[in-house]
Number of protein chains: 2
Amino acid sequence: MESYKIPKRSVERLSIYKRILKVIMDAGFTTVSSSELAERAGLNPAQVRKDLVYFGQFGTPGMGYQVSTLHRAITRIMGLHKKIPVALAGAGNLGQALLSYQGFKDRGFIIESIFDNDPEKVGKMKNGIKIRNEKNSSSEIKDKKIKVGIISTPSSAAQSIANKLIEGGIKGILNFAPIELKVPSGIIVVNVALCEKLEMLSYYLSKRKIL
Amino acid sequence: MESYKIPKRSVERLSIYKRILKVIMDAGFTTVSSSELAERAGLNPAQVRKDLVYFGQFGTPGMGYQVSTLHRAITRIMGLHKKIPVALAGAGNLGQALLSYQGFKDRGFIIESIFDNDPEKVGKMKNGIKIRNEKNSSSEIKDKKIKVGIISTPSSAAQSIANKLIEGGIKGILNFAPIELKVPSGIIVVNVALCEKLEMLSYYLSKRKIL
DNA sequence: CGAAATTTGTGAATATTATCACAAGGAATT
DNA sequence: AATTCCTTGTGATAATATTCACAAATTTCG
Ligand SMILES: NC(=O)c1ccc[n+]([C@@H]2O[C@H](COP(=O)([O-])OP(=O)(O)OC[C@H]3O[C@@H](n4cnc5c(N)ncnc54)[C@H](O)[C@@H]3O)[C@@H](O)[C@H]2O)c1
Ligand SMILES: NC(=O)c1ccc[n+]([C@@H]2O[C@H](COP(=O)([O-])OP(=O)(O)OC[C@H]3O[C@@H](n4cnc5c(N)ncnc54)[C@H](O)[C@@H]3O)[C@@H](O)[C@H]2O)c1
């Protein structure tokens, strides 16, 4: 049923290749080899080729890859060629940083709804949108047909807001709260494990007797 | 030279176990089994046991793990039992969110220096610290003996600020800029690949014809 | 045009990670 | 104290992921 088994890591790297291709393209180069890409991404050239071949044959032996063609192909493969409306739950410190992040817009992710439960915040405008009460999130998401949600509430509220988003029709969640969300099958959750990363850093530095 | 090869993933999961143990401890339980931990972390019980055994034998057959003992052990293994001074480069949207994040303090990460290059920001106070000009970052870090840095500048500035931090004696970097930093061997970089995560979400949703 | 130089795509070989499955250890129960 | 019931730690096995290495394709250059 699944189109071949493509490693999750390969998908994540696709995003990295796209970013690097953009840089190369802007620098005026028209072709690039797998070893050049690998060098810039800190990977093995064979891995770059394997990753790309999961999605099609983009290269020309003796020459490499057409930068703009490959960039466009990856953009399309990842579904980034059209705008994606997004709902944001939790307009706190992190939520507001995400709201004003240009990089999301550049990639086509448009935040179209914002939810919070703080009466101080509900009703206020942010980035041209009115912050709504999280109680109404399901129906608003349903109305706006939004499929992607970002959770940046405290972890205590994350599961309940996830349920509401899903009830409203959200199919994919980017979760910043340090908690494993329980979701029905078919719903995709991607966690941004920020604290874990910092703690990993602490581990490696401690091990080397640096801290 | 390296003490056994412990998978990076195991280290990251250690951090997850610690978080879950805290929840279980606060709920008043004194012991926990690998299957309970696995259930809550969305993992396989054997994996939980394997992960823990990399670091020591903490369990009692027939009973499981002593919650508080294991929590303390992990905290120590990860070097989180003492305060860790941190330098933050880039006091923009994200940087300011990180600054006011209680979770970092709770985990012992104390931001003691902030650098920016925006004359509007330099000199202003944030969380009780004066934002310094990034030009002076090396010497200030050297003076304060800070070993951990967080980079939340635009990616165009990330490499140069990384160089300065390292020059000042920083050994570990948590990097939010979407770029692969080049660093001397011995310096540890952990990337928070936020855009990649969102793009992955887009990919999986597109593949399922949801977007 | 033909030879040399590149560089892809890929099967095979490694290496790494995750899961299974069970003997052995210890707790709880009678 | 014997029995039953759990649950660990771990060797064996399976699944994944990465790297090697090379034939085939194509460009470049003489
Ligand atoms: N800020 C960071 O740098 C950072 C770093 C790592 C992880 N995180 C995680 O991200 C999440 C957000 O962090 P933050 O610093 O922005 O916290 P915050 O407290 O500043 O913001 C949380 C926001 O969520 C709102 N909220 C609470 N309950 C809600 C509900 N039921 N529905 C909708 N909104 C609700 C609050 O009113 C607040 O505006 C937390 O889970 C935190 O652990 C944050
Ligand atoms: N904000 C987000 O939600 C988000 C999400 C994903 C990734 N990121 C990444 O995080 C980084 C920061 O994002 P942001 O939204 O906070 O950007 P921002 O523009 O709001 O902030 C960047 C800050 O860095 C400062 N700066 C610039 N050059 C500097 C230098 N050489 N030394 C010190 N400081 C310098 C700027 O003055 C500014 O204050 C970027 O690389 C961005 O791609 C941000």
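Chain A is the first sequence line, chain B the second, and so forth, proteins listed ahead of strands; every chain is numbered from 1. Values in this document were obtained by computation on a predicted structure and should not be read as measured data.
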Can you tell me how far P of dT10(D) sits from CG of Leu52(B), to the nearest Å?
-> 12 Å

Salt bridge between Glu196(B) and Arg13(A), side-chain N to carboxylate O under 4.0 Å?
-> no

To the nearest Å, give me how far apart CE (Met63(A)) and C1' (dC29(D)) are.
-> 17 Å

To the nearest Å, give me how far apart CG (Asp51(B)) and C1' (dT19(C)) are.
-> 12 Å

Between dC20(C), dC20(D), dT8(D), which nucleotide has the shortest distance from any of its atoms to the side chain of Asn44(B)?
-> dC20(C)

dT16(C) base / Lys5(B) side chain donor-acceptor hit below 3.5 Å | no

Flag the pair Glu180(A) and Arg40(B) as a salt bridge only when some basic side-chain nitrogen lies within less than 4.0 angstrom of an acidic carboxylate oxygen.
-> no

With DNA chain D as reference, determine whether Arg13(A) or Gly62(A) sits nearer its 5' end, using the nearest nucleotide of each.
-> Arg13(A)

In Å and rounded to the nearest 0.5 Å, what is the CG to OG distance from Leu98(B) to Ser152(B)?
-> 5.5 Å

Quick one: does Lys50(B) reach the base of dT19(C) with a side-chain donor-acceptor pair under 3.5 Å?
-> yes

Whole Å only: how far is the CD atom of Gln66(A) from the C1' atom of dT26(D)?
-> 14 Å

What integer distance in Å separates Glu36(A):CD from dT8(C):P?
-> 11 Å

Candidate nucleotides dT18(D), dT8(D), dT10(D), ranked by approach to the side chain of Gln47(A) - the nearest = dT18(D)

Arg49(B) has a side chain; which of dT10(C), dC22(C), dT18(D) sits nearest to it?
-> dC22(C)

Report the distance from atom OH of Tyr17(B) to atom P of dT8(D), rounded to the nearest whole Å.
-> 12 Å

Ion pair check, Glu12(A) and Lys8(A), cut-off under 4.0 Å = no

Can you tell which of dA25(D), dT10(C), dT10(D) lies closest to the side chain of Gln57(A)?
-> dT10(C)

Nucleotide dA18(C), atom C1' - distance to NZ of Lys8(A) in whole Å | 14 Å

Euclidean distance, atom CG of residue Leu70(A) to atom C1' of dT7(C) [Å, nearest integer] = 15 Å

Nearest-nucleotide pick for Ala46(B), side chain only, options being dG25(C), dA17(D), dC20(C) | dC20(C)

Which of these nucleotides, dT18(D), dT8(C), dT8(D), is closest to any side-chain atom of Tyr65(A)?
-> dT8(C)

Nearest of dG9(C), dA21(D), dT8(C) to any side-chain atom of Val53(A)?
-> dG9(C)

OP1 or OP2 of dT7(C) less than 4.0 angstrom from a side-chain nitrogen or oxygen of Ser34(A), does that happen here?
-> no

Side-chain ion pair, Lys164(A) and Glu140(A), N-O less than 4.0 Å = no

Side chain of Thr60(B) only, please: which of dG26(C), dG9(D), dT18(D) is the nearest?
-> dG26(C)

